[in-house]
Structure formats: C-alpha cells, structure tokens
Chemist: 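Quick one: the structure is below, questions incoming.
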Number of protein chains: 2
Amino acid sequence: MAGDSASPVFTDGNVFGVGATANAFGVDAVLDVTIEEEAARRAAAAVRRLIVALSATSASIEDLDRIADAVDAITASVPAGAPDDLVVPGDFSVISDTAIRQSHRLRERSPFIGQANPVAPPMHVVFTEDAIEATVTLGSLFEGPPGCVHGGFVAAMFDEVLGAAQVHSGKAGMTGRLTVHYRSPTPLNEELRLAAKLIRVEGRKILCTATLHAGERLCADAEGLFVTVNLDKMRAMLEAGGGSASG
Amino acid sequence: MAGDSASPVFTDGNVFGVGATANAFGVDAVLDVTIEEEAARRAAAAVRRLIVALSATSASIEDLDRIADAVDAITASVPAGAPDDLVVPGDFSVISDTAIRQSHRLRERSPFIGQANPVAPPMHVVFTEDAIEATVTLGSLFEGPPGCVHGGFVAAMFDEVLGAAQVHSGKAGMTGRLTVHYRSPTPLNEELRLAAKLIRVEGRKILCTATLHAGERLCADAEGLFVTVNLDKMRAMLEAGGGSASG
C-alpha cells in the first residue's frame, strides 16, 4: 500500500483496479502493454476486420466455402499450447502480483474490452479519479432489435464498467445483482458513452451505478451490487463442478 | 396455426417467436435454413475455430504477425456489398412477413445465438410449448473472474432467452428492465442450461423469468420486463440520432 493513501489510484488500462499498490510493483507492471500483447492485439484486430467484412458481404456460397477453407488453413498453422499464465481461481485481492496479472488478463482478453479478444468490440475504458468512463461504437454484429444494439450487450457492457467502478472501494467482489433500465433505443454505428461510479460500501456489499448515452440521449442506466467473495467456498464450488449440489 | 388457437406455436429456431401465423406464410418460411445461411454458418464456424486457436496459442510475435497478414489477405478477398435484407426499424409485429425475416436475422446473426455470427458462442435455443430452453458451453473467450464466465455475458444470455420467452405473450416488446441475481460462480468449459418462461402480461408490460444452471447448481436467475414499443417514437429517435435530445 506504500502507506500514504487509503484509496486506490486508477490509471487507464488498469482494469481490475490494482490500486495504490501499483508503485510497490512499479506502475509499469500495471500499465505496460508488452510487445507480445501488442502482437496478440494485432492478430485479434485482423480477425475482427475479417468478421466485419463477413457481416456485410455479397459472397456466394462458393466464396464463403473458399473463405472457410482459407481460414481453416490459418487455424491449422496456429501453434498450440498457451503460455501458462493461469490466475488462481478466486484470487480477488487487489493488492497482489496475482491481481496485476488478472488486471492484464481482463484488459487484454475480456469479451467486452479485451483488445486481444476478437469477439470484443472492444470498448475503450478510461479510469478517472472517481469514476469509470468507456466509449464504443457497435456495428451490426451486436444488433438486437432492427437498427439497435442488442439489449443483452447493453447489460453486458454495464457489468463491465460497474465491475471496474466497484474497485474504487478498494475491494473487488463478484457481481451479486445487476439491474438495467432501458430508457430509449441504443443505436448501432454511433459512439456510445458509458460512465460508472461507486455509490457506497456496506460491509461486504459494494453498490455502483452507471449510465449509457448516445450523444445527449440517455439510452439506459444500471445499478450493480457487488459482493466480496468467500474464496474458499468459491474454489470448492468450481472444483466440484456443476453436479456437486445434487449429491 | 390455421386459426385454432390464440397462442403462438414455437419451434426450434423460431427466435423472434413468429407464432400463430406461421402457417399463413408457410412453416417452412420460418424454419428453413437456406443453403446460403448454411454457407455463412460454415464460414463463421471456421472463424470461431481460428479465434479459439488464437486464445490458446504459444505463437511468437512473428507467428502472430504472419497470422494477422494471412487473415488480412482473406479479408481483402471477401466481396463487399451485403445483400439488402434490411428490416424496417421498429417493426415488432409478430404476425408479418417482416417478423419472419427478423426472426431469421436474429437466429443467424444475434451476437449470442447467431450461428452466422463469429462472435456468438453460439447458444443453442429450443422453444418448448410454454418456455425457452438454451444450452451453451463457454471457453476462455468469455472469461470474467478467473475460471468463471464473465458476469456481463451471463446477463446478456438472460436477455436473449427472456426476450424469446416474452413472445409467448403473442406480443413482442423491447427490454424495459433486466435484473440478474448471481447466486454462485458460472463455470467455464461446462455445459450451462438456461430456461425462461412468460410469467404475466399487464397492458403493454410483459414479465418473464429465467434461470441458469451448471449441472444441478443454480448459478444465476433473472427477471425481464418487456414493453411493447411505440414504433413511430422509436423510429423518430433512431433517425434523429443521439444528438437530438440536446436540441
């Protein structure tokens, strides 16, 4: 904690909210994008371009099958075996080396903000002194009602920014309850702005709220209740698998 | 339904709930997967295999840049210009030809169930007589907390199945409020089962609930409130863009 402050310091890209201890590990350890991460981001961006092209193509069946074969040829050339960077399940400490690695993992791989995850749009998240702000423009890949962003994706983006905002409490819990109010249609192909902030902490509970705007129009708002977890219990449940509760 | 029932009949793949009128247009029009759709699904599946391979690779920076270049070469070969199958924004009728097209669009392209959308896992959705059931197994692309499905993705999946269940009301609205309660960790790499059902209809409001299980363990449950929309108002908002409310 370096002892000089009770509240974490947040910085752009510090997704998991590794806070005041950043200096203990060196801020660089939190902020750095490694050259390996940059390469993974480039590969993901290329895949994203392909996905977008496929979402708006006049390709014939023959074209599509040729494309599928060409993609499979690339896949066959991808070296197997991920580097072992497994984070201990259930380690939600915000003041550990594990937390820094987890922050990096989410920053790079989250299905919503992860630049190295081709399924992420990705959202761009910035930490301010007392809030989280995010921007994103979503195309037809994220369509629900005609011309609108899928309501499920709206909820998902809220969980992401609320989950980041909760760490302003100096703790980090798992989502306990998420409530989203849809106020007006969320448009495709327009910049969307999300903002989330910490409201209060009560014991193990952390309450945050967030809004989503398109221009000046409020599209949706949300409340997230996070609960700091019992790590032993969580590990036991994950290790036991889904069938455990029936025994 | 040839007029013998007021309640829609739901069938596997009939995502948007085109119901009692299916026979008026021919059930085939609702259920058919065209050979073009099948080809688009094959291409999407190939891209999905590539994404999964990239999520677990030991590729070097040189490997990753070679892969990115190869993917970009494919992208350059994808014919531009999507076929014009635009659905009229705001047409939420469940008894129209437009609704059948919209049902197909969501079935193929939804970011959660769309087999032709590479960013969808995809979930597999089945309509039963009075409910919606879905199954999905999610890998590390959808990770949030270590070893667990991202809470945002859990919420998104609920919106999808709740949005399908609401059509059992014979209407179709947009999500008004979504509330998700997270009860226990949702595991990666295990089959998840979602079930959603219609609870009641009150005027323009449609209430549905849903659960998510891993094996016998309840991971989360949710409530969705859907509201049938004022189509003229919605169209006006989308056409005006996000800046309109400031004027």
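Residue numbering restarts at 1 for every chain, and letters A, B, ... go by the order of the sequence lines.
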Chemist: Would you mind telling me which of B:V180, B:L192, B:L54 has the largest number of heavy-atom pairs within less than 4.5 Å of chain A?
Modeler: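 Sorted descending by pairs with chain A, the first entry is B:V180.
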
Chemist: Can you check side chain to side chain contact (heavy atoms under 4.5 Å, CB included) on B:L178 and A:H181, steps first, answer last?
Modeler: CA-CA 7 Å; B:L178 173 69; A:H181 293 270; over 6 Å; no

Chemist: Considering only heavy atoms, which portion of A:A80 lies under 4.5 Å from any heavy atom of chain B: side chain, backbone, both, or neither?
Modeler: backbone

Chemist: Charged N to carboxylate O below 4.0 Å: is that the case for B:E143 and A:R109?
Modeler: no

Chemist: Between B:S77, B:G152, B:G224, which residue shows the highest count of heavy-atom pairs closer than 4.5 Å to chain A?
Modeler: B:G152

Chemist: Under a 4.5 Å cutoff for heavy-atom pairs, which residue among A:A46, A:P79, A:A156, A:A116 has the most contacts with chain B?
Modeler: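 Answer, by heavy-atom pair count under 4.5 Å with chain B: A:P79.
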
Chemist: Below 4.5 Å, heavy atoms only, C-beta onward: do B:R177 and B:E223 meet side chain to side chain?
Modeler: yes

Chemist: Test your reading of the model: is there a side-chain donor-acceptor pair from A:R49 to the backbone of A:A44, 3.5 Å cut-off?
Modeler: no

Chemist: What option among A:V78, A:V47, A:L188 has the most heavy-atom pairs under 4.5 Å with chain B?
Modeler: A:V78

Chemist: Go through B:V52, B:D69, B:I67 and name the one with the most non-hydrogen pairs under 4.5 angstrom from chain A.
Modeler: B:I67

Chemist: Which answer fits A:F142, side chain, backbone, both or neither, if we ask what part of it has an atom under 4.5 Å from a heavy atom of chain B?
Modeler: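 For A:F142, backbone and side chain are both near chain B.
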
Chemist: Do B:H150 and A:E160 have side-chain heavy atoms sitting under 4.5 Å apart?
Modeler: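 Yes; the side chains approach each other to less than 4.5 Å.
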
Chemist: Below 4.5 Å, heavy-atom pairs only: which of B:D159, B:I35, B:N117 has the largest tally toward chain A?
Modeler: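 When all of B:D159, B:I35, B:N117 are compared, B:D159 has the most.
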
Chemist: Side chain of A:D63, backbone of A:S60: donor and acceptor closer than 3.5 Å?
Modeler: yes

Chemist: May I ask you to name which of B:V227, B:L162, B:V154, B:L64 has the most heavy-atom pairs under 4.5 Å with chain A?
Modeler: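 The residue among B:V227, B:L162, B:V154, B:L64 with the greatest pair count is B:L64.
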
Chemist: Return the option, out of A:G151, A:A76, A:S184, with the maximum number of heavy-atom pairs under 4.5 Å with chain B.
Modeler: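 Of the options given, most contacts go to A:G151.
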
Chemist: For each of A:A70, A:S110, A:A39, tally heavy-atom pairs with chain B at distances under 4.5 Å, and name the one with the top tally.
Modeler: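 The candidate making the most pairs under 4.5 Å is A:A39.
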
Chemist: Tell me, for A:L225 versus chain B, whether the close heavy atoms (under 4.5 Å) come from the side chain, the backbone, both or neither.
Modeler: neither

Chemist: Main chain of A:R193, side chain of A:T135: is a donor-acceptor contact present, judged purely on distance under 3.5 Å?
Modeler: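 No; zero donor-acceptor contacts below 3.5 Å.
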
Chemist: Keeping the roles fixed (side chain from B:R41, backbone from B:E108), state whether a donor-acceptor pair exists under 3.5 Å.
Modeler: no

Chemist: Under a 4.5 Å cut-off applied to non-hydrogen side-chain atoms, are A:I74 and B:V71 in contact?
Modeler: yes

Chemist: If you count heavy-atom pairs under 4.5 Å between each of B:C219, B:A68, B:G176 and chain A, which one has the most?
Modeler: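 When all of B:C219, B:A68, B:G176 are compared, B:G176 has the most.
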
Chemist: For A:R66, is it the side chain, the backbone, both or neither that has a heavy atom under 4.5 Å from a heavy atom of chain B?
Modeler: side chain

